[in-house]
Structure formats: C-alpha cells, structure tokens
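Shown below is the structure under consideration.
This is a predicted model, so every value here is computed, not measured.
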Amino acid sequence: MPSISAAALLLQLLLLLFSLSTHAQPGFISLDCGGEDDYTDAIGIQWSSDAKFVSAGGQTAKLLVQTDLHKQYTAVRYFPADSSKYCYTMNVRNRTRYLIRATFLYGNFDNSNVYPKFDLSLGATPWTTVVIDDATTPVVQEAVILAAAPTLSVCLSNASTGQPFISTLELRQFNGSLYYTTDEKQFFLRLSARINFGAESNASVRYPDDPFDRIWLSDLVRRANYLVDVAPGTERISTTKPIFVGINEEPPEKVMQTAVVGKNGSLTYRIDLEDFPANAWAVSYFAEIEDLAPNETRKFKLVIPGKPEFSKPTVDVEENAQGKYRLYEPGYTNVPLPFVFSFGFKKTNDSSEGPILNAMEIYRYVQITMGSQDANTMASLVSRYPQASWAQEGGDPCLPASWSWVQCSSEAAPRIFSVTLTGKNITGSIPVDLTELSGLVELKLDGNSFSGQIPDFTGCHDLQYIHLENNQLTGTLPPSLGNLPNLKELYIQNNKLSGEVPQALFKKSIIFNFSGNSDLHMGHSTMGRTIVIIVCIVVGAILVLVAVIGCYLFTCKRKKKPSDAPAKKLGSYFSEVATESAHRFALSEIEDATAKFDRRIGSGGFGIVYYGKLTDGREIAVKLLTNDSYQGIREFLNERTCVLSFFLHQLMPCQ
C-alpha cells in the first residue's frame with residue numbers, strides 16, 4: 001500500500017486541530033426550547049434556554065410520556081393555535097451559510113393525545129409542514145441557507161390540529177463552500193437524506209466527530225420505504241485507518257471509515273423522498289478503504305432507472321481521489337428527482353471489484369419567498385427598540401402571518417398599509433422609517449411619549465388617517481401634510497406643537513383636531529380670507545317668514561275656522577324672535593365659543609361646521625369657509641337663503 005504523503009499528513013493534522021478548536025463551538029447556537037437553564041450535554045454541546053430568542057406568547061410544558069432521550073427532549077415550548085406566527089430570531093453573519101435544525105418531540109405534553117400539525121417557515125419562506133404521528137419519535141427538520149440579513153428567524157404558525165410546539169432549535173455555521181449553489185440567493189436546501197452507509201450500529205454520527213454537527217443517520221435504521229430493495233451480495237466493510245477528508249464541510253472521517261460494497265457487482269436502493277418530485281442537490285461520497293491487490297480494480301457507474309444520461313461517467317475511486325483512503329465526492333448540484341427514488345451502482349466490465357458507497361446527502365431546493373416589500377424598512381424600525389416586546393415578534397412583518405400591530409395587503413409580495421402602535425410607551429422621535437412605507441394608509445402612534453418634530457410623510461401618497469394625539473411632539477406642522485392627496489383624518493391634539501397651521505389643511509374636507517397645543521394657531525393670512533358666519537335667522541328673514549306665515553294662516557282660516565290659539569301662539573313666537581337683531585361676533589368670541597374649533601359636527605362642499613356655546617348658554621353652529629374661490633364664497637353666503645327655504649318647505653302643507 002503506498003504511504004500517505006507528508007503533505008497529506010500535515011493537512012490531516014490541520015484538520016485535527018481545526019476539529020479540536022471547534023470544541024469551543026464558534027458559530028453554534030443550541031436552544032433547549034422550554035428548558036429553564038444552561039448546561040453542557042454528554043457530547044460537549046452547550047445548550048441554552050430559549051427564553052431570550054423567542055417572541056412573546058409561548059408557554060412551556062414537560063413531556064408526559066417519558067423517554068430515555070437527552071435532557072433537551074424533556075420539555076417543549078408551545079404556542080396558541082391562532083392566526084399569528086411565533087418566531088425565534090437569531091443573530092447571524094450576513095452572506096454566510098448555516099445549517100439550521102429544528103426538532104419536535106410531542107410526548108403528549110398537552111395531555112390531549114392530539115397529534116399536532118402546523119407550518120414551519122424560515123422568515124417569510126415556508127420550510128415544511130410538521131406532522132406528528134408518534135408521541136415518542138422526534139421529528140427532525142434541517143436546512144442549509146445563505147444568510148441574507150443580520151438575523152435569521154424560524155417561525156411556527158397555522159396549526160390545523162393541536163398546538164404548534166418545538167423541542168430544540170440549533171444553528172451551525174459553515175466555513176467552506178461545499179454547499180454552494182449558483183442559485184443560493186433564490187433557494188435554500190432542505191435536507192431529505194443524509195446517510196452513513198456501512199455503519200457499525202444504529203447510532204448516528206454527529207458532533208464532535210462531525211465538527212459542524214451534522215447528523216449522519218445509520219443505514220441500519222429501518223423504516224417504511226427507506227433504503228429498501230437492497231441488492232443481494234451487499235456487504236459492510238470498515239477500517240480504522242485515517243481517511244483524508246479535507247478541511248471544509250466534507251463528511252467526517254468516522255463516516256468515511258465505513259462503507260457498503262456490492263460483492264455481486266451492484267448496489268441498489270430505493271428511498272421515498274418527502275415533498276418530491278423536485279429539483280435536488282445530491283452528492284455521493286466515496287473512499288477506497290479496502291487494500292486491493294495491484295491487479296484488482298474498482299470501477300462502476302451510477303444507475304438511475306429511466307435516466308441513462310447519468311450512467312455515462314465512470315467512477316474509479318482510487319484514481320479520482322488520487323490515492324486510497326482519500327475522499328472523492330461526485331454529485332449533481334441541481335438534478336430533478338422523483339418521489340420514489342431508485343438508484344444503484346454497477347461495476348464496469350473491466351472492473352474486478354464491485355462498487356463501493358460510504359455516504360450520501362440529498363437536499364431539496366426550496367424557493368425563497370421574497371416576503372414583504374417593506375421587510376428591510378420594518379427590520380430597521382424594530383431594531384431601534386431592542387427592549388420592547390412589540391418589536392420582538394420576528395420574521396417577516398407580513399408572511400406567513402402579519403405582526404400583531406401591522407396590516408398587510410394581499411399581494412404575493414405584500415405591502416404594509418396600517419401601523420398601530422397606540423399606547424406602547426414609546427419615547428424619542430417618530431422613526432423616519434415610517435415615512436418610507438409607500439403603501440401606508442393608516443398610522444396610529446397616539447398615546448405614547450414621542451417628542452421632536454413630525455417627519456415629512458410626502459412619500460406616503462396613500463396616507464388617509466394619521467393619529468399623533470397625546471404625545472409630546474414639538475415644532476411646527478410640516479406643510480407637506482396639507483399636500484397629502486388622500487388625507488381624511490389628522491389628529492394632533494394634546495402635544496406641544498407651535499406656529500401656524502398650514503393653510504392647505506383648511507382647504508381639505510378632513511377631520512382635523514389640533515386642540516391642546518397652546519402655541520399652535522391659524523395664521524392671520526388664513527383668517528383674513530376666512531369668512532366665519534353663525535347660521536342664524538336675521539331680521540330680514542324673520543320678516544319674510546312672518547309675512548308668509550300670515551298669508552298661510554289667513555288662507556287656511558278662510559278654508560276652515562279652526563281655533564285661534566295656534567295662530568296666536570305662532571304669532572307670539574315670531575314676535576319674540578323678531579326682537580332679536582343680527583349680531584357681529586369677534587373672532588376671539590368665536591374661538592372661545594368653539595374651543596378653537598375643537599368639535600366638528602358636519603361639513604359641506606365649501607365649509608366645515610363646528611359646535612359652539614356662547615357665554616349666555618346658547619348653542620350655536622359655526623361654519624368655517626375652506627374654499628376661497630368665488631363660487632365657494634357665493635355658496636357660503638347663500639347659506640341664509642338655504643336655511644329660509646328649509647323653514648318654508650316645512651310649513652307649506654296646509655292641514
């Protein structure tokens with residue numbers, strides 16, 4: 001057997017040092033969901049309680065069905081079966097690949113024996129549907145993803161039976177490029193199979209043997225439609241000699257020290273791949289671990305029924321790996337595979353030995369959902385409030401379910417149209433991020449302690465409802481508020497605003513309340529062009545009414561002779577009214593009577609009507625002209641005629 005070169009030994013030593021260095025577990029996050037404390041398990045993994053990583057709403061429970069599994073599988077965190085999503089958020093390095101693993105062990109934690117079924121997502125992207133069909137068998141989901149942001153969220157939602165729950169959540173950082181794909185910005189990889197062939201027991205291989213803590217399942221573990229149709233003559237071999245596997249994310253040495261060989265010239269297997277057909281990342285791992293004689297060779301081809309194109313390349317492990325006891329990893333990084341996947345390896349005619357197989361990985365491509373168009377903006381907004389519970393819901397603000405304080409459109413890439421942060425005890429200035437929500441229709445920030453000036457919302461063309469009342473805002477009102485084309489309501493009362501109200505706000509038919517800002521007032525130029533009229537019956541109108549009523553009574557009296565009492569009462573009433581005279585009110589009197597136009601009770605095409613009360617107790621209605629065009633002024637002045645016509649119409653019928 002040729003000796004391993006000095007360079008190979010040096011690389012192997014480096015790999016060993018690298019493996020030892022990972023005992024500190026850099027890039028590892030291991031969450032015991034529902035656990036109460038931090039600890040290190042038997043294989044050296046440091047586990048933490050999940051309380052600091054999860055959004056509000058979850059509760060913890062102990063498993064009622066006892067198992068002999070590890071401590072991290074003795075409790076769960078579970079969530080309400082409602083329309084919300086519940087997310088774990090972890091800090092990551094942008095543009096770095098990670099393995100993420102979620103485990104679910106039911107154990108009848110809710111004492112209902114109702115097996116849960118719910119959705120799992122990575123951020124906005126659906127990951128899988130978790131289906132529990134056994135109280136004592138963990139369901140494990142793994143994925144490899146390229147981080148595209150400083151945080152990564154895993155969310156549970158949409159329970160169709162039972163309650164969504166989780167046992168463990170693990171994050172493992174990769175350093176190399178084994179799992180690189182040309183489409184990794186549009187797709188992540190969801191694990192379908194990771195198999196250690198030739199394993200010596202049912203036990204899986206993982207950390208510390210695998211420094212990245214991948215779980216390599218033994219091929220001795222049997223389940224329905226998993227590694228069946230095994231070819232006759234399949235035998236297991238192993239070695240204790242070192243195997244050179246490189247220093248990146250290749251399979252660990254312990255996995256490559258075992259294999260199956262086809263003594264009769266072939267290896268065959270069949271496996272059901274969940275959620276296939278689909279495109280897959282599929283790689284086989286080979287290493288020659290038998291001491292073949294000089295005249296012995298091992299050459300073989302991949303065989304997939306109905307896919308002859310895959311049988312063209314010939315595998316010569318020793319030649320391809322440039323020696324024995326070295327890793328060779330051919331595969332297909334993007335290949336369509338069926339749900340029922342049959343595959344095999346068959347020796348070539350010039351080969352003396354049958355095929356060998358050490359390990360295999362198959363991942364399904366999952367298209368990444370881009371999520372809300374406002375996701376980055378909202379991520380920036382909530383990052384300003386790291387201690388606020390409302391800002392810790394995690395995941396995409398809209399998908400798969402919206403945050404509790406936002407509402408989103410129904411588009412494939414939704415936009416946020418409503419933000420409600422009423423009474424959240426928020427301090428500081430209004431976040432400028434809100435002005436970047438171009439689809440915003442409703443903004444409610446009332447009942448907080450916001451200070452500083454109101455930002456410019458010019459970019460929010462659809463904005464209709466703004467509630468900023470009961471804060472501590474200062475400065476002047478931005479003139480841009482009057483230019484919002486769809487504005488219907490503006491509430492800014494009870495702040496510390498000052499200066500003049502922009503004239504444009506009075507030209508709109510909006511509900512506008514700015515009371516409680518002692519230094520905020522309507523500008524003189526606005527007042528100079530504004531006509532304030534108390535809708536009352538002036539002397540001329542009363543005289544006309546008396547004449548009309550007189551004619552009316554005289555006509556009715558000639559037709560029939562009723563009692564004179566009603567006529568006397570009516571005449572007496574109008575005599576009293578006629579004694580009143582038209583009165584010209586000062587602006588200050590009008591402002592006092594209406595509490596500075598605080599209570600709006602109606603509006604018309606050219607003015608808004610406010611309620612008022614004079615010092616003598618009389619209630620009045622004040623109409624404020626909001627359109628200074630000729631037509632507006634003419635219609636406004638004709639209000640008296642309209643009032644008169646109304647009264648005449650009411651008196652026209654003759655009984």
Side-chain angles (χ1 to χ4, degrees), residues 29-39 41 45 47-90 100-123 125-143 152-171 190-191 215 223-224 274-275 389-390 392-396 399-404:
I29 296 177
S30 305
L31 302 182
D32 181 352
C33 303
E36 299 175 350
D37 52 11
D38 301 345
Y39 58 91
D41 67 13
I45 293 179
W47 292 89
S48 303
S49 170
D50 66 330
K52 296 184 296 183
F53 295 84
V54 66
S55 59
Q59 300 183 56
T60 64
K62 297 293 184 181
L63 301 192
L64 299 181
V65 177
Q66 297 297 320
T67 68
D68 58 355
L69 295 173
H70 303 294
K71 181 178 179 180
Q72 60 267 30
Y73 298 117
T74 59
V76 299
R77 185 174 294 274
Y78 66 96
F79 305 93
D82 55 21
S83 60
S84 299
K85 67 171 179 281
Y86 299 92
C87 299
Y88 286 81
T89 301
M90 296 165 285
I100 187 162
R101 179 166 54 235
T103 306
F104 310 88
L105 179 60
Y106 174 52
N108 196 27
F109 71 87
D110 54 359
N111 197 27
S112 70
N113 284 313
V114 175
Y115 293 152
K117 179 181 179 181
F118 53 91
D119 291 339
L120 189 67
S121 61
L122 277 175
T125 304
W127 180 355
T128 189
T129 297
V130 177
V131 180
I132 304 298
D133 54 17
D134 184 346
T136 59
T137 302
V139 173
V140 182
Q141 296 291 340
E142 282 192 34
L152 184 64
S153 293
V154 176
C155 304
L156 292 75
S157 64
N158 195 31
S160 55
T161 60
Q163 294 177 285
F165 74 97
I166 186 168
S167 301
T168 66
L169 186 60
E170 302 164 81
L171 191 71
R190 192 183 83 192
L191 181 66
I215 299 177
R223 60 178 186 262
E274 183 181 354
D275 289 340
S389 59
W390 59 266
Q392 309 305 315
E393 295 189 27
D396 184 89
L399 297 173
S402 62
W403 291 344
S404 61

Is there any salt bridge (charged side-chain N to carboxylate O under 4.0 Å, His left out) pair reaching into residues 100-116, and which pairs are they, with sequence neighbours excluded?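 Found R101-E142, R101-E170, R101-D213.
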
My understanding is that only residues two or more places apart in sequence, or in another chain, count here; which of them pass salt bridge (charged side-chain N to carboxylate O under 4.0 Å, His left out) with D82?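 None.
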
Roughly how far apart are D396 CG and S121 OG, rounded to 0.5 Å?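 OG of S121 is found 9.0 Å from CG of D396.
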
Nearest-0.5 Å distance, CZ of residue F53 to CZ of residue R77: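 It is 12.0 Å, given to the nearest 0.5 Å.
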
Holding to side chain to side chain contact (heavy atoms under 4.5 Å, CB included), I want the full list of residues that pass it with D37, two or more places apart in sequence or in another chain.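 Expected list: Y39, K71.
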
Residues in side chain to side chain donor-acceptor pair (under 3.5 Å) with T89, at least two apart?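 S153.
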
What residues, two or more places apart in sequence or in another chain, satisfy side chain to side chain donor-acceptor pair (under 3.5 Å) together with T137?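 T137 satisfies side chain to side chain donor-acceptor pair (under 3.5 Å) with D134 only.
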
For a quick test of reading the model, state the closest non-hydrogen atom pair linking K85 to G394 and the distance between them.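 Closest pair (atom of K85, atom of G394, distance): CE-O, 3.6 Å.
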
Under a 4.5 Å cut-off applied to non-hydrogen side-chain atoms, are F79 and Q163 in contact?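 With C-beta onward as the side chain, the pair stays apart.
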
Sequence neighbours excluded, which residues qualify as side chain to side chain donor-acceptor pair (under 3.5 Å) partners of T168?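 Scan of T168 (side chain to side chain donor-acceptor pair (under 3.5 Å), adjacent residues dropped) gives T103.
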
Under the salt bridge (charged side-chain N to carboxylate O under 4.0 Å, His left out) test, which residues partner R190, sequence neighbours left out?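 R190 satisfies salt bridge (charged side-chain N to carboxylate O under 4.0 Å, His left out) with D275 once adjacent residues are dropped.
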
Partner residues of D119 under the salt bridge (charged side-chain N to carboxylate O under 4.0 Å, His left out) criterion, sequence neighbours left out: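 Listed in chain order: nothing, the list is empty.
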
Can you label the angle between the F104 ring and the F118 ring as parallel, tilted or perpendicular, going by 30° and 60°?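 Plane angle over 60°, so perpendicular.
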
Go through the structure and list residues passing disulfide (SG to SG under 2.5 Å) with C87, not counting sequence neighbours.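 Per chain and number, C87 pairs via disulfide (SG to SG under 2.5 Å) with C155.
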
With T125, which residues qualify under side chain to side chain contact (heavy atoms under 4.5 Å, CB included), at least two apart?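 T125 satisfies side chain to side chain contact (heavy atoms under 4.5 Å, CB included) with F188, V366, I368, T369 once adjacent residues are dropped.
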
Any heavy-atom pair between the side chains of V139 and I132 that's under 4.5 Å?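 Result yes, sub-4.5 Å side-chain heavy-atom pair found.
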
For V76 and L63, what are the C-alpha separation, side-chain angles and deciding distance, and is it a side-chain contact (heavy atoms from CB on, under 4.5 Å)? CA-CA 7 Å; V76 299; L63 301 192; 3.6 Å; yes

Rounded distance [0.5 Å steps], CD in Q59 versus CZ in F165: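 If I round to the nearest 0.5 Å, the distance is 15.0 Å.
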
For A61 versus Y78, what's the shortest heavy-atom pair and its separation?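 Between these two residues, the closest heavy atoms are CB-CE2, 3.7 Å.
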
Do side-chain atoms of Q141 reach the backbone of V130 as a donor and acceptor pair under 3.5 angstrom?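 Side chain of Q141 to backbone of V130, a donor-acceptor pair under 3.5 Å: no, none is there.
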
From F109 atom CZ to L64 atom CG, the distance as rounded to the nearest 0.5 Å: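 One finds 9.5 Å between CZ of F109 and CG of L64.
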
Is it true that a side-chain atom of Y106 and a backbone atom of V114 form a donor plus acceptor pair closer than 3.5 Å?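 Here the side-chain-to-backbone pair exists.
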
Of all heavy-atom pairs between S157 and S84, which one has the smallest distance, and what is that distance?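 Heavy-atom minimum between the residues: CB-O, 3.8 Å.
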
With rounding to the nearest 0.5 Å, note down the distance linking CD in E36 to NZ in K62.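 Between atom CD of E36 and atom NZ of K62 there are 5.0 Å.
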
Output yes when a side-chain donor or acceptor of T128 lies under 3.5 Å from a complementary backbone atom of L120, and no otherwise.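 The answer is no, because no donor-acceptor pair under 3.5 Å joins these two groups.
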
Identify, with sequence neighbours excluded, every residue that meets side chain to side chain contact (heavy atoms under 4.5 Å, CB included) alongside L169.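 By the side chain to side chain contact (heavy atoms under 4.5 Å, CB included) rule, L169 matches L31, C33, Y88, M90, I100, A102, V154, I166.
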
Could you tell me which non-hydrogen atom of A143 sits nearest to which non-hydrogen atom of L122, and how far apart they are?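 Shortest heavy-atom separation between A143 and L122 comes out as CB-CD1, 4.2 Å.
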
Where do G35 and S49 come nearest, in terms of heavy atoms and distance?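 Heavy atoms only, the tightest pair is O-OG, 3.0 Å.
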
Kindly give the heavy-atom pair with the smallest separation between T136 and P138, and that separation in Å.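 Of all heavy-atom pairs spanning T136 and P138, the closest is O-CD, 3.8 Å.
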
In chain order, what residues pass the salt bridge (charged side-chain N to carboxylate O under 4.0 Å, His left out) check against K117, with sequence neighbours excluded?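 Counting only residues at least two positions away or on another chain, K117 forms no salt bridge (charged side-chain N to carboxylate O under 4.0 Å, His left out).
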
Rounded distance (nearest 0.5 Å) linking atom OG1 of T60 with atom CG of D32: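 Reported to 0.5 Å precision, the distance equals 10.5 Å.
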
